[in-house]
Amino acid sequence: MVLEARIEELWRFEGQEVTLKGWLAHKRSSKRIHFLIVRDGSGFCQCVVYQPEVPAEVWERAERITQESALQITGLVRRDERQIGGYELGVRDLEIVHLTQGYPITPKPHGVDFLLDRRHLWLRSRRQWAIMRIRHQVVHAIHRFFDERGFLKLDAPIFTGNAVEGTTTLFETDFFGQPAYLSQSGQLYGEAMAMAFGRIYTFGPTFRAEKSKTRRHLAEFWMVEPEMAFFDLEMTMDLAEELVEYIVQQVLAHRRFELSLLGRDPEALERVRRPFPRITYTEAVEILRSPETQRMLRADEERLQAERAELEAEAEALRSERPAGEVRKGEIEHRLAEIAHRLSEIEEELKNIPLWMDSARNFRWGEDFGGADETILSRHFDRPVLVHRYPAAVKAFYMKRDPRDERLALGVDMLAPEGYGEIIGGGQREDDLDTLIARIREHNLPLEVYEWYLDLRRYGSVPHAGFGLGLERTLAWICGLKHVRETIPFPRMMGRLFP
RNA sequence: UCCCCGGUAGCUCAAUCGGUAGAGCAAGCGGCUGUUAACCGCUGGGUUGCAGGUUCGAGUCCUGCCCGGGGAGCCA
């Protein structure tokens, strides 16, 4: 009786014969030995086929098998320090389940366009494997966090008749002859459910028809939105902080290997411990306009220029000297490509810095922060920062005003470090009926569609608050990715609906 | 909606001033006893995004369009 094993749990079977079922991720060969890198979804494992140790037909199959062929492989689990997981399989038998021909994604570099067109296959590669495992861990952590605190997970509808904030960024659909919009936020429904169940959270897809093509945007993304009765702004900030700390620590506890595959330095994440810095919008504006910010940006500029000079020198050396022998040619080519890529990134940043310096210096109280401003603010701190009490004019109609200063709204944003931008937005909701009606009128919104929402202020209105956390932006930050599109299995963005 | 960059072999990219379209990888074949994006040799592989223009001659210059990437605005 042969044991079936998943690669993830191979360590349990050291010295035993097991069967793996999976696909061939990669193969390296010599005359009498094949190294098969097999993946089974749970991990990757090197399987060694050594000609003198296997029957002729097994050897023949190992020679024939191609990248991404499906296979069933049996062998002895043995410890091998050279392997990433620490274990490898000494192959005794190999069955081909399906022989693949012409798999398009090779272990060599590809462009984004090519890979996105083949997202259904790209998901099989190692880097995507690591990201999706972390995505699962984050989702799991979120559910566990709220469950442990007595929240109910209840869902808001996806089709909605009323817009939360303007209609320009809504996807309109035909709902049995009536216009309906794809949800931009479950918040209003979340408030209704909080009045029924005290503490709830929604977790689902949200849709934004923003014509944005940037590394921070998706047309369809997932948002977790807790909403709590009898909560004020301070309690909400406490909860947001606790949630983000918990998510990060869970990833560190369970997905260290995946982080290392992504080249993510865990130290930046280790620092994500409460308390996070909290500043008011007004303080944030002072920081932006400060000489310290100008100094910081100038230092960044100098650092980038130094790095550019260093890389250019290294590339020059690699091109001219061509050290033969111990250094492989492929390694040099790879390093040169890496340098070229980094240099183009540096060029872009160097182009941006003067613009950022201008934008920061000239920032006026009352404006909303742009992407560059958020990046600059987050660079002043080594962990996420909470910015609260924004000018009410730039925030949504449902936000409660600060009783101590009517120009301000009791709202809060959390900015991720390292320039990943806003990952949380929320605050305390307006709970007074007449004030809310006045706000709806000020924003020129149709009162009729909000009648049900106003009922929440007519019958047992209480102070309440909530926030939304964007899953993909949070993941991009935790994984250290340049773009959010890699954090979701099938990204939907402007100009990309397939696959 | 606006600004910047790009589109050349299956993939990643070269091609000087406008002058014979090329390399690496992949694929196929051969070699190599432990490889870590293996390595070495050989072979096949092209409507240079599309349409028009300038020119003796266009991948290269000009005009328009299409597609993609990055950014602004807006946002999580």
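Every chain is numbered from 1, with letters handed out A, B, ... down the list of sequences.
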Taking 4.0 angstrom as the limit, do [X] and [Y] come out as a salt bridge?
{"X": "A:Glu241", "Y": "A:Arg278", "answer": "yes"}
{"X": "A:Arg92", "Y": "A:Glu17", "answer": "yes"}
{"X": "A:Arg264", "Y": "A:Glu418", "answer": "yes"}
{"X": "A:Arg39", "Y": "A:Glu68", "answer": "yes"}
{"X": "A:Glu220", "Y": "A:Arg208", "answer": "no"}
{"X": "A:Glu430", "Y": "A:Lys400", "answer": "yes"}

Can you tell me how the ring of [X] sits relative to the ring of [Y], calling it parallel under 30°, perpendicular over 60° and tilted otherwise?
{"X": "A:Tyr201", "Y": "A:His143", "answer": "tilted"}
{"X": "A:Phe369", "Y": "A:Tyr390", "answer": "perpendicular"}
{"X": "A:Phe207", "Y": "A:Phe171", "answer": "perpendicular"}

Write down the distance separating the [atom1] atoms in [N] and [M], rounded off to the nearest Å.
{"N": "B:rG49", "M": "B:rA38", "atom1": "C1'", "result": "36 Å"}
{"N": "B:rC40", "M": "B:rU35", "atom1": "C1'", "result": "15 Å"}
{"N": "B:rC4", "M": "B:rC25", "atom1": "P", "result": "38 Å"}
{"N": "B:rG53", "M": "B:rG44", "atom1": "C1'", "result": "37 Å"}
{"N": "B:rG52", "M": "B:rU12", "atom1": "C1'", "result": "31 Å"}
{"N": "B:rA51", "M": "B:rG10", "atom1": "C1'", "result": "27 Å"}
{"N": "B:rG73", "M": "B:rC3", "atom1": "P", "result": "16 Å"}
{"N": "B:rG22", "M": "B:rU8", "atom1": "C1'", "result": "10 Å"}

Under 4.0 angstrom between A:Arg32 side-chain N/O and B:rU33 OP1 or OP2: yes

A:Arg28 vs B:rA38: side-chain N/O to OP1/OP2 distance below 4.0 Å: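 So the side chain of A:Arg28 is within the cut-off, an N or O lying under 4.0 Å from OP1 or OP2 of B:rA38.
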
For [X] and [N], give me the distance from atom [atom1] to atom [atom2], rounded to whole Å.
{"X": "A:Phe114", "N": "B:rU12", "atom1": "CZ", "atom2": "P", "value": "6 Å"}
{"X": "A:Phe203", "N": "B:rA76", "atom1": "CZ", "atom2": "P", "value": "16 Å"}
{"X": "A:Leu24", "N": "B:rU36", "atom1": "CG", "atom2": "C1'", "value": "14 Å"}
{"X": "A:Ile105", "N": "B:rU12", "atom1": "CD1", "atom2": "P", "value": "11 Å"}
{"X": "A:Phe467", "N": "B:rC75", "atom1": "CZ", "atom2": "C1'", "value": "18 Å"}
{"X": "A:Lys31", "N": "B:rG30", "atom1": "NZ", "atom2": "P", "value": "9 Å"}
{"X": "A:His110", "N": "B:rG10", "atom1": "NE2", "atom2": "C1'", "value": "10 Å"}
{"X": "A:Leu89", "N": "B:rU36", "atom1": "CG", "atom2": "C1'", "value": "17 Å"}

Just to be sure I understand the rule, does [X] reach a base, reach only the sugar-phosphate, or reach nothing, if contact means heavy atoms closer than 4.0 Å?
{"X": "A:Ile424", "result": "sugar-phosphate"}
{"X": "A:Phe35", "result": "base"}
{"X": "A:Ile423", "result": "sugar-phosphate"}
{"X": "A:Gln46", "result": "base"}
{"X": "A:Ser29", "result": "base"}
{"X": "A:Glu88", "result": "base"}
{"X": "A:Gly111", "result": "sugar-phosphate"}

ring centroid sep under 5.5 Å plus plane angle under 30, A:Phe221 with B:rA76: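 Per 5.5 Å and 30° rule: yes, stacked.
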
Under 4.0 Å protein heavy-atom contacts per nucleotide of nucleotides 67-74 of chain B, with B for base, S for backbone only and - for none: -SBSBBBB

Selection: residues 49-68 of chain A, any non-hydrogen atom under 4.0 Å of RNA chain B: A:Tyr50

Nearest-nucleotide pick for A:Thr106, side chain only, options being B:rG31, B:rA26, B:rA76: B:rA26

Cation-pi, A:Tyr420 ring and A:Arg473 (6.0 angstrom, 45 degrees):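 Ring-cation test returns no.
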
Ring pair (Phe, Tyr, Trp, His ring centres under 6.0 Å) between A:Trp59 and A:His34, intermediate numbers included: CA-CA 9 Å; A:Trp59 177 254; A:His34 290 297; 4.5 Å; yes

Residue pair A:Glu245, A:Gln249: steps toward the side chain to side chain donor-acceptor pair (under 3.5 Å) verdict: CA-CA 6 Å; A:Glu245 180 192 61; A:Gln249 295 308 320; 5.7 Å; no

Within 6.0 angstrom of A:Arg383 CZ, more than 12 heavy atoms from elsewhere: yes

A:Leu218 vs A:Pro104, nearer the 5' end of RNA chain B by closest nucleotide: A:Pro104

Distance-only donor-acceptor check, side chains A:Ser185 and A:Glu225, under 3.5 Å: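 Yes.
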
Secondary structure of RNA chain B in dot-bracket form (Watson-Crick or G-U wobble, distances below 3.5 Å, | marking inter-strand pairs): (((((((..((((.....[..)))).(((((.......))))).....(((((..]....))))))))))))....

